[in-house]
Amino acid sequence: MPKCRVNDIDIMYEAYGNGDTVVYLQSVLGGINPGAYYFAGRLSRSFRVIIWDGPNCGQSGTVIKDTPSEYHLACEYLAGLLDVLGESSVHIAGCSGGGEMGLLFSALYPDRVKSLAMYRPTDTSTEMEHMIIKARYFDIADAAAISMREAVRYSEDPPPNRWSGISHWLAELYRKDSEKILGMNNRDFSRIITNWGKWMGNPGFYRANLSDDSLGQIKIPVLICPCPDDYHPERLAEDLNKNLPRSVCVPVGKYRSVNEIYNAEYDENPFGGFADFVNEYERFAENVAENSYTKE
């Protein structure tokens, strides 16, 4: 996997194919996943596809900064990566939290995005999502209020429950760059992580916490594909479609059962609803490239 220096860290990425560039974004909760490779394999027949490990993910470097959210941090480094690669403007497609990241990037860097696709907009106001956010952010922040060593210790061995693994990210960063993690002011770190958790847990997360007016300023073509389940309800896609001026909402056929939600055995690997999304995206991207896209 190639890497390049972006601001103050190394960012790992892969690029496939030729043509207009499409950047595929996964959630900030992990690096490149099987869905990213599936997307790249399909779209690289007609486009140049970039996939990446965002900051603090996979083989990319470690950075904790005082940004409004972890998504703002990822957008900052995505913009830097595009600068290094000489990409002035790209198409963006994102799955789940990657869709929200793409939406936020479109608002923060409007001249850098030609089109956007969002698969499975996420409702983070549910009880289960709050448990995930608590494990990733608030529990770590509470431990960091004592010391950074305590935060690392907690991350390495949190109380056993269904979401324990989500707390391990800080311990993984410590193994990559212990000096940087232990060198952080623990109270600053705790405050930053708490704010990140609050931003992600906001009921408006699915629209990147953007107002109606801010969504109305996003003039690019947008494809929205919900994947119906209790945590990605179609009403979120309907609201986005209502407020984004050039969007189209195309429901996918697969409904994920309760047993499939947040189950690694099912998530993206069978490519059920995700494959439907990629089918829709191929048509959408070709229409945008040919300037034949219109809102239906």
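Residue numbers start at 1 and run along the sequence shown. On a predicted model such as this, the values are computed, not experimentally measured, just so you know.
Residue pairs meeting the ring pair (Phe, Tyr, Trp, His ring centres under 6.0 Å) criterion with at least one partner in residues 179-203, sequence neighbours excluded, are Y71-W199, H72-W199, W199-F205. Note on residues 121-157: no pairs pass ring pair (Phe, Tyr, Trp, His ring centres under 6.0 Å), not counting sequence neighbours.
For the atom pair CG of L244 and CD1 of I218, the computed distance is 5.5 Å after rounding to the nearest 0.5 Å. Annotation: the span from I224 atom CD1 to R120 atom CZ amounts to 15.5 Å, rounded to 0.5 Å. Here the NZ-CG distance, from K180 to D8, works out to 5.5 Å after rounding to the nearest 0.5 Å. The CE atom of M101 sits 5.5 Å away from atom CG of L25, with the distance rounded to the nearest 0.5 Å. With rounding to the nearest 0.5 Å, the separation of CG in N241 from CG in L223 is 10.0 Å.
Judged purely by distance below 3.5 Å, without hydrogens or angles, the side chains of N279 and R42 pair a donor atom with an acceptor atom.
Under the ring-ring contact (aromatic ring centres under 6.0 Å, His included) criterion, F105 pairs with Y109, not counting sequence neighbours. Scored by the salt bridge (charged side-chain N to carboxylate O under 4.0 Å, His left out) test, E172 finds no partners at all (sequence neighbours excluded). Qualifying side chain to side chain contact (heavy atoms under 4.5 Å, CB included) partners for I146, counting only residues two or more places apart in sequence or in other chains: E150. With sequence neighbours left out, Y281 forms a ring-ring contact (aromatic ring centres under 6.0 Å, His included) with F39, F284.
Shown here for R207 and L215, the closest heavy-atom pair between the two residues is CZ-CD1, 3.5 Å. Taking both residues in full, the closest heavy atoms of E87 and R112 are given as O-NH2, 2.7 Å, listed atom of the first, atom of the second, then distance. Scanning all heavy atoms of the two residues, the minimum distance from I11 to S60 falls at CA-OG, 3.4 Å. The shortest non-hydrogen separation linking S155 to L170 is OG-N, 3.4 Å. For S190 against A141, the heavy-atom pair with the smallest separation is OG-O, 2.8 Å.
A donor-acceptor contact shorter than 3.5 Å is absent between the side chain of S96 and the backbone of G98. Panel note: side chain S115, backbone P221; no donor-acceptor pair is recorded below 3.5 Å. The backbone N or O of V63 lies less than 3.5 Å from a partner atom in the side chain of N56, making a donor-acceptor pair. A donor-acceptor pair under 3.5 Å is formed between the side chain of N186 and the backbone N or O of A144. No donor-acceptor pair under 3.5 Å is formed between the side chain of E70 and the backbone N or O of I193. With hydrogens and angles ignored, the 3.5 Å screen pairs a side-chain donor or acceptor of E100 with a backbone N or O of T122.
Residues K242 and D239 are not paired through a salt bridge, judged by the lack of any N-O separation under 4.0 Å between the basic side chain and the carboxylate. Ion pairing of D10 with R5 is present here, as a side-chain N (NZ or NE/NH1/NH2) and a carboxylate O approach within less than 4.0 Å. Using a cutoff of 4.0 Å between basic side-chain nitrogens and carboxylate oxygens, E280 and R283 are scored as salt-bridged.
Only one option out of F274, Y24, Y38 pairs with Y119 in a ring pair (Phe, Tyr, Trp, His ring centres under 6.0 Å); it is F274.
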